[in-house]
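Structure, as structure tokens:
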Amino acid sequence: MKSQTLNLLKKELYLGNSIQTLIWVICCLGMFFIPSYPMYVGPFYITLGIMMTFALNQSSHDILYTVLLPVRKIDVVKARFLYCGLLECFAFLSALLALLIRTLVKFPQNEAGINLTFAYFGLQLLIFAIFNLIFLGNVYKDPLKPGLKYLLAAFIYFLIYALCEFPVWAYYSMRTRLAEGEITQLPSFAEFGRTLTSNASSDFPKQLIVLLAGILIYIVTWFVTFRRAARQFEKYDL
């Protein structure tokens, strides 16, 4: 059964891609190098690549042809989930590469939101987990109609992004007042935002907690979403 899943994953990699997917992948990497630009926007392009995979398969009748093969429906879903997971992993490899380059060339700090810190990676995992739960966890109810489900997932993506950035935005808005003596200390949520975006080694332990929490949530949500999608596809009548 493992060989079936790997063969289906190869099919996803060779036939499930399009020029649009390549464009979104390039955009994901490029967004990290725009000065003072939200770091969560780049990985959003990866979700567009995931959506385009379902849209391409819809027009090519890929799902219908695939289930006519001697394979289990659960393996079809598993291969697609692994493919989507590889795309999301690329977002993190892009961020790590961007972090290395930005550090080497002394790129200016991001003034539009969080910097590339341990906490950023944890929060991005949280955002991906919620996106997967909403989109991948519902699209197999009718995989030939992914559009509306993606619109809802994209809206929630930006809503969670705003919630994750809010403490950082609060910190940026108050740090000048703190420096000028208008306030003596930051409110707790603004101090939390400072910790999230700080590059000081003293803040790394707290950021690592956010990262570990993000990893745990992503892994648990991944298995919950997969089982949910597999059940939906088993019931789906092609």
Side-chain angles (χ1 to χ4, degrees), residues 21-51 84-135 150 153-176 186 189-218 221:
T21 304
L22 177 61
I23 291 172
W24 300 138
V25 165
I26 294 173
C27 287
C28 174
L29 177 60
M31 293 298 107
F32 290 113
F33 296 100
I34 300 177
S36 293
Y37 197 75
M39 296 297 176
Y40 297 108
V41 173
F44 174 74
Y45 285 94
I46 293 299
T47 71
L48 287 170
I50 292 173
M51 167 58 187
C84 294
L86 289 176
L87 285 179
E88 291 176 350
C89 284
F90 179 83
F92 288 91
L93 292 176
S94 297
L96 287 172
L97 177 61
L99 175 60
L100 176 62
I101 295 175
R102 288 168 67 100
T103 301
L104 290 176
V105 302
K106 300 186 184 304
F107 208 81
Q109 294 295 304
N110 181 28
E111 296 293 330
I114 195 171
N115 287 295
L116 290 173
T117 63
F118 291 125
Y120 162 77
F121 289 98
L123 292 173
Q124 183 62 65
L125 280 169
L126 170 64
I127 296 174
F128 271 151
I130 296 173
F131 171 84
N132 291 339
L133 186 63
I134 295 173
F135 180 64
Y150 177 77
F155 172 79
I156 298 298
Y157 182 103
F158 280 99
L159 177 62
I160 302 302
Y161 144 61
L163 291 175
C164 290
E165 286 281 46
F166 179 74
V168 179
W169 292 336
Y171 163 63
Y172 286 156
S173 67
M174 294 183 180
R175 63 181 176 179
T176 302
L186 293 170
F189 61 90
E191 176 61 28
F192 180 60
R194 185 202 63 76
T195 302
L196 292 177
T197 195
S198 171
N199 288 317
S201 58
S202 59
D203 291 312
F204 287 172
K206 294 179 181 178
Q207 292 180 9
L208 283 173
I209 293 174
V210 177
L211 174 59
L212 292 175
I215 293 173
L216 178 61
I217 292 172
Y218 183 86
T221 304

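As the structure is a prediction and not an experimental result, all values here were calculated from the model. Start at 1 with the first residue, then count along the sequence.
- Residues N132 and Y218 meet the side-chain proximity criterion, which asks for heavy atoms closer than 4.5 Å.
- Checked by atom type, the side-chain pair Y171/T195 shows no donor-acceptor distance below 3.5 Å.
- The line from CD1 of I217 to CG of L125 is 9.0 Å long, rounded to the nearest 0.5 Å.
- Residues satisfying the side-chain contact (heavy atoms from CB on, under 4.5 Å) test with L216, not counting sequence neighbours, are V220.
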| task | Show your reasoning for whether ring-ring contact (aromatic ring centres under 6.0 Å, His included) applies to F158 and F44. | result | CA-CA 9 Å; F158 280 99; F44 174 74; 4.6 Å; yes
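- Residue P167 comes nearest to C164 through the heavy atom pair CD-O, 3.4 Å, listed as atom of the first residue, atom of the second, then distance.
- The backbone N or O of L196 sits less than 3.5 Å from a side-chain atom of T117, completing a donor-acceptor pair.
- Taken from OG in S173 to CZ in F166, the straight-line distance is 8.0 Å, to the nearest 0.5 Å.
- Heavy atoms from other residues, nucleotides or ligands lying under 6.0 Å from CZ of F155 number 12 at most.
- Residues passing the side-chain hydrogen bond (donor to acceptor under 3.5 Å, both in side chains) test with Y157 are Q124, sequence neighbours excluded.
- Between the SG atom in C84 and the CE atom in M51 there is a gap of 12.0 Å [rounded to 0.5 Å].
- Summarising the geometry of F135 relative to A153, their closest heavy-atom pair is CB-CB, 3.7 Å, with the distance given to 0.1 Å.
- R102 places a side-chain N or O within donor-acceptor distance of the main-chain N or O of P108, the cut-off being under 3.5 Å.
- The two residues A91 and P43 have their closest heavy-atom pair at CB-CB, 4.1 Å.
- Legend: residues meeting side-chain contact (heavy atoms from CB on, under 4.5 Å) with L87, ordered by chain and number and at least two apart, are T21, V25, I46, I50, Y83.
- Nearest heavy atom pair, residue Y120 against residue A95, reads CE2-CB, 4.2 Å.
- Distance alone, capped at 3.5 Å, is enough to place a donor-acceptor pair between the W169 side chain and the A112 backbone.
- No donor-acceptor distance shorter than 3.5 angstrom exists from the side chain of N110 to the backbone of N115, with no hydrogens or angles considered.
- Contact between F189 and A170 at its shortest, heavy atoms only, is CE1-CB, 3.3 Å.
- Taken to the nearest 0.5 Å, the CG atom of L211 stands 12.0 Å off from the CG atom of L126.
- Evaluated for a side chain to side chain contact (heavy atoms under 4.5 Å, CB included) with M39, the options F121, Y161, F32 yield exactly one hit, F32.
- When the side-chain contact (heavy atoms from CB on, under 4.5 Å) test is applied to L93, no partner is found at least two apart in sequence or on another chain.
- With sequence neighbours excluded, the residues satisfying salt bridge (Lys or Arg N to Asp or Glu O under 4.0 Å) with R194 are E191, D203.
- I160 is listed as a side-chain neighbour of L163, based on a closest heavy-atom distance under 4.5 Å.
- Closest of all the heavy-atom pairs between A129 and T221 is O-CG2, 3.3 Å.
- For residues 191-216, the set of pairs meeting the ring-ring contact (aromatic ring centres under 6.0 Å, His included) definition, not counting sequence neighbours, comprises F118-F204.
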